[in-house]
Peer 1: 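One structure follows; several queries about it will come next.
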Amino acid sequence: MSPTEQLSRGPGEAAKSRGRWLALSVLVLAVLLVAVDATVLGLATPALSEDLKPSGTQLLWIGDIYSFVIAGLLVSMGSLGDRIGRKKLLLVGATAFGAVSVLNAYATSPGMMIAARALLGVAGATLMPSTLALIRNIFHDPRERSLAIGIWGATASAGAAVGPVVGGALLQHFWWGSVFLINLPVMVALVLVGIKLLPESKNPVAGPWDLVSVALSLVGVIAVVYAVKEAATHGATWGVWAAAVLGAGCLYAFVRRQFSLDSPLLDMRLFKHRGFSGAVLADLLTVFGLSGLVFFLSQFLQLVQGRDPLEAGLAELPAAIGAVATGLVAGRFARRYSVRSIVTGGLAAIGLALAALTVIHKESGYPLLGAALLFVGLGAGFSFTVTADVILSSVPKEQAGSASAVSETAYELGAALGIALLGSIVTSVYQGFRAPASVGGPVADAAHESLGGAVEAARSLDPHTAGQMVGTAQEAFVDGLRVASGVGAAVLLATAAAAWFLLKGQELQDGIEH
């Protein structure tokens, strides 16, 4: 903004400007909590495993059902916010999020924990699209909006990386359920402040909310991601094929239905735009790399290298620092250089960081791990922030909820796939390790379920046998981590190359909207 424009602004406009940024602080608080909750459980996994004794499959479901449900409901909830009001949906969702957090904290069985995490995902799905849609309607100057989205994106990316730090600090002094109870005071503050500061906005001509489309999108996304997860762990079984066919059929029916509705949940014509589709793909795979890395490195740092939860959480802090640093300047850099160069560079940075981890071993020093995490954060901050801006700027502000839901669906689906696919690769390789010949029956079965299970099962053995089994299990886990890192690197580098072509000519807006 020029000095002349600043001088011409009256007290009312200055107050409105302050109000915009105060409102943004409330939205950032909401997205921080949802992002933290996606990864905060990573460090609590060993303690949770010891308490609830889940199987390896149940442990993966506990880790990723939250993101699965959010991904399946985001389009529906973004469309609902367009219809009933984004502020209203945000405040209702925040209240539910706080209440369900208590249920998560006091879960007493693996089944109850999975169900509680799923309900938390339902509540989280109401928050994410509302935050980005409200930013689209609060900030009319594209440069201001780019900065606001940069702050939002940095918070979302950093939140995923800060989750382990928060979890580590709490687990140092409290039981694993405390990682959920921290949501309560934050959600209370969000609701009380949000009622006063946030403006209401919705699409006045949105039409009815189609429940058939809601069901098709939910079942389709969850079934497809389930099939991917199970195929990576157990191979292409009949159950996997059935889930894949069900999911693909539902998503096909969803797309067909959107073209036939006067007021679709999601305007599928947006995907005909090459830049929009490229931004969504880059969005998804950026978070795929970030969340997958944070999830399995949390276990590596604790169960392989023997760090306590807080130390492991602090060790992952470079990812958050990198994401914040680049997220705040991503919009400015994209205007100076180009959208495709910034997004491609961000994706390549994540891919190269994952490639560096293919040489990791049990005694790897922190410089390698810290550098990899830093580069992942730097890349995520650039790529995720710019793609969110591209997606949100591609539609009229009346459709902001639906567009932001697409961005958020990519984010959550990327988080779910990162944990499910890369985590399943780690698990698949790990389960091939050989326990000592003297170990059999339930002890061997528990050890093969997960590394946490092996550490726990070893406590019933004599010191020599226990050390031998845990050492072998740790080597197998590291082998799986190397394979998963290689797969992730290949995916991210291929996506970087694709983004270079898909985002050709794509630019961020400059003119002020009226």
Peer 1: Kindly check if the number of other-residue, nucleotide or ligand heavy atoms within 6.0 Å of CZ (Arg257) is above 12?
Peer 2: yes

Peer 1: Between Arg117 and Ile62, which heavy-atom pair has the shortest distance, and what is it?
Peer 2: NE-O, 3.3 Å

Peer 1: If only atom types and distance count, is the side chain of Thr326 paired as donor or acceptor with the main-chain N or O of Leu378 below 3.5 Å?
Peer 2: yes

Peer 1: So, taking the atom named CG in Leu73 and the one named OG1 in Thr126, what distance separates them when rounded to the nearest 0.5 Å?
Peer 2: 9.5 Å

Peer 1: Which of these, Leu502, Ile350, Leu285, sits in a side-chain contact (heavy atoms from CB on, under 4.5 Å) with Thr495?
Peer 2: Leu285

Peer 1: Report the C-alpha distance between Val28 and Ile151 in whole Å, list the side-chain angles of each, state the deciding distance to 0.1 Å, and finish with yes or no for side-chain contact (heavy atoms from CB on, under 4.5 Å).
Peer 2: CA-CA 8 Å; Val28 162; Ile151 295 170; 3.8 Å; yes

Peer 1: If you take all heavy atoms of Ala349 and Gly379, which pair is closest and at what distance?
Peer 2: CB-CA, 4.1 Å

Peer 1: Are the side chains of Leu52 and Trp176 in contact, using a 4.5 Å heavy-atom criterion?
Peer 2: yes

Peer 1: Is there a donor-acceptor contact under 3.5 Å from the side chain of Lys504 to the main chain of Arg340?
Peer 2: no

Peer 1: So how far is it from Phe382 CZ to Leu347 CG, rounded to the nearest 0.5 Å?
Peer 2: 12.5 Å

Peer 1: For Val69 and Ala118, work out which heavy atoms get closest and say how close.
Peer 2: CG1-O, 3.6 Å

Peer 1: Is the shortest side-chain heavy-atom distance between Leu90 and Leu27 below 4.5 Å?
Peer 2: yes

Peer 1: Between SG of Cys250 and CG of Leu216, what distance do you get to the nearest 0.5 Å?
Peer 2: 5.5 Å

Peer 1: Strictly by side chain to side chain donor-acceptor pair (under 3.5 Å), give each pair with a member in residues 182-193 just once, sequence neighbours left out.
Peer 2: Asp37-Asn183, Ser101-Asn183

Peer 1: Look at the side chain of Thr387 and the backbone N and O of Phe384, then say whether any donor-acceptor pair between them is shorter than 3.5 Å.
Peer 2: yes

Peer 1: Given side chains that start at C-beta, do those of Ile84 and Leu89 come closer than 4.5 Å, heavy atoms only?
Peer 2: yes

Peer 1: Are the side chains of Val122 and Phe97 in contact, using a 4.5 Å heavy-atom criterion?
Peer 2: no

Peer 1: Output the distance between atom CZ (Arg86) and atom CG (Leu80), rounded to the nearest 0.5 Å.
Peer 2: 11.0 Å

Peer 1: Would you name the heavy atoms of Ala282 and Ser383 that are closest together and state the gap between them?
Peer 2: O-OG, 4.1 Å

Peer 1: Throw together a table of side-chain donor-acceptor distances under 3.5 angstrom for residues 105-114, partners on residues two or more places apart or in other chains.
Peer 2:
unit_1, atom_1, unit_2, atom_2, d
Ser109, OG, Met112, N, 3.2

Peer 1: Measuring only between side-chain heavy atoms, which start at C-beta, is Leu261 closer than 4.5 Å to Ser213?
Peer 2: yes

Peer 1: So, does Ser217 use its side chain to make a donor-acceptor pair with the main chain of Val214 at under 3.5 Å?
Peer 2: yes

Peer 1: Could you measure the distance from the OH atom of Tyr337 to the CD1 atom of Ile342? Nearest 0.5 Å is fine.
Peer 2: 7.5 Å

Peer 1: What pairs with Val245 under side chain to side chain contact (heavy atoms under 4.5 Å, CB included), at least two apart in sequence or on another chain?
Peer 2: none

Peer 1: In terms of side-chain heavy atoms, does Ser338 have a donor or acceptor partner in Ser341 at a distance below 3.5 Å?
Peer 2: yes

Peer 1: Quick one: are Val188 and Leu192 in side-chain contact, heavy atoms under 4.5 Å?
Peer 2: yes

Peer 1: Examine distances only and state if a side-chain atom of Thr385 and a backbone atom of Gly381 form a donor-acceptor pair shorter than 3.5 Å.
Peer 2: yes

